[in-house]
Engineer: 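Quick one: structure below, then a few questions.
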Amino acid sequence: MAHWLPLIDTGLILISGVALLIGYRFIRRGQIQYHKWSMLTATSFAALFLIVYLLRSALYGSKLFAGHGAMRVVYLTILTTHTILATAIVPLVLVVLYRALTRQFPRHKRLARVALPIWLYVAVTGWVIYMMLYQLSFTRT
C-alpha cells in the first residue's frame, strides 16, 4: 500500500487542479453555480491530498531525490518554491472561500485572482515533484 500512496496523492492534487481550471472556465462564462461546485470540488480534493500526504509522511517518511548536478538544483528549486507556495495557499484559499460563501463577491474576486495562479502552480509542481521522485530514473554515485 505504501508504494501506491504517492500516486494516489498526485492523483488527488491533479483532480484538484483540473476542477480549479473547470471552475475558472465556468466563472468566465457566468455559470456561477457550476463555478461554486467546481471550486468546492477543487478544495475538497486538495484537502484530501493534504490529509494523505501528512499521513504518508508521518508513517513512511520522505523519499530523497536521487538525482545530482543540475537536475538536483532544478528539483530543489521546484521543491522550495512549491513548499513555500503550498503553505501560503492554504489560508489564502480559506479566505477566498469564506468571502464567496458569505457573498462578499468583489473582495472574493480580488483575492481569487491572486490565489488562482498560486494554486495552479502548486498543483503542477506537485505533479512534477512526483514525476522527478518516482518516475524518472536516477542513480546515486
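For this chain, numbers begin at 1 and follow the sequence in order.
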Engineer: Please find the pair of heavy atoms, one from F65 and one from M71, that lie closest to each other, and give the distance.
Structural biologist: CE2-O, 3.8 Å

Engineer: Can I get a per-line list of side-chain donor-acceptor pairs under 3.5 Å for residues 79-92, giving both atom names and the distance, sequence neighbours left out?
Structural biologist:
residue	atom	partner	partner atom	Å
T80	OG1	L76	O	2.7
T81	OG1	T77	O	3.1
T81	OG1	I78	O	3.1
T81	OG1	Y121	OH	2.5
H82	ND1	V122	O	3.2
H82	ND1	T125	OG1	2.7
T83	OG1	L79	O	2.7
T87	OG1	T83	O	2.8

Engineer: Do R110 and R99 have side-chain heavy atoms sitting under 4.5 Å apart?
Structural biologist: no

Engineer: Under 4.5 Å between side-chain heavy atoms, hopping through other hydrophobics if needed: is there a path connecting I27 to Y34?
Structural biologist: no

Engineer: How about L97 and L40: do any of their side-chain heavy atoms sit closer than 4.5 Å?
Structural biologist: yes

Engineer: When rounded to the nearest 0.5 angstrom, what is the spacing between CD1 in I15 and OG in S44?
Structural biologist: 11.5 Å

Engineer: Output a table of donor-acceptor pairs, distance under 3.5 Å, between side-chain atoms of residues 101-108 and any protein atom two or more places apart or on a different chain; print 'none' if there are none.
Structural biologist:
residue	atom	partner	partner atom	Å
T102	OG1	Y98	O	2.7
T102	OG1	Q104	NE2	2.8
Q104	OE1	R107	NH1	2.8
H108	ND1	V96	O	2.9

Engineer: Just checking K63: does its NZ atom have more than 12 heavy atoms from other residues, nucleotides or ligands closer to it than 6.0 angstrom?
Structural biologist: yes

Engineer: Going from OH on Y75 to CE on M131, what distance comes out if it is rounded to the nearest 0.5 angstrom?
Structural biologist: 13.5 Å

Engineer: Measure the shortest side-chain to side-chain distance between L7 and Y130 over non-hydrogen atoms and say whether it is less than 4.5 angstrom.
Structural biologist: yes

Engineer: Treating Ile, Leu, Val, Met, Phe, Trp and Tyr as nodes and any side-chain heavy-atom pair under 4.5 angstrom as an edge, say whether I13 and V52 lie in one connected cluster.
Structural biologist: yes

Engineer: Between F45 and L14, is there a side-chain heavy-atom distance shorter than 4.5 Å?
Structural biologist: no

Engineer: Are more than 12 heavy atoms from other residues, nucleotides or ligands located less than 6.0 Å from atom CG of L21?
Structural biologist: yes

Engineer: For F49, does the CZ atom have more than 12 heavy-atom neighbours from other residues, nucleotides or ligands under 6.0 Å away?
Structural biologist: yes

Engineer: Is there side-chain contact between Y60 and L55, with at least one heavy-atom pair below 4.5 Å?
Structural biologist: no

Engineer: Counting only heavy atoms not in F26 (residues, nucleotides, ligands), do more than 12 fall under 6.0 Å from its CZ?
Structural biologist: yes

Engineer: Would a hydrophobic clustering, with Ile, Leu, Val, Met, Phe, Trp and Tyr connected at side-chain separations under 4.5 Å, put I129 with L50?
Structural biologist: yes

Engineer: Is I32 reachable from I22 through a run of hydrophobic residues whose side-chain heavy atoms are each under 4.5 Å from the next?
Structural biologist: no

Engineer: For A42, which residues count as a side chain to side chain contact (heavy atoms under 4.5 Å, CB included) partner, sequence neighbours excluded?
Structural biologist: S16, A19, L20, W119

Engineer: Using the rule that two of Ile, Leu, Val, Met, Phe, Trp, Tyr join whenever any of their side-chain heavy atoms come within less than 4.5 Å, decide whether V128 and Y53 are in one cluster.
Structural biologist: yes

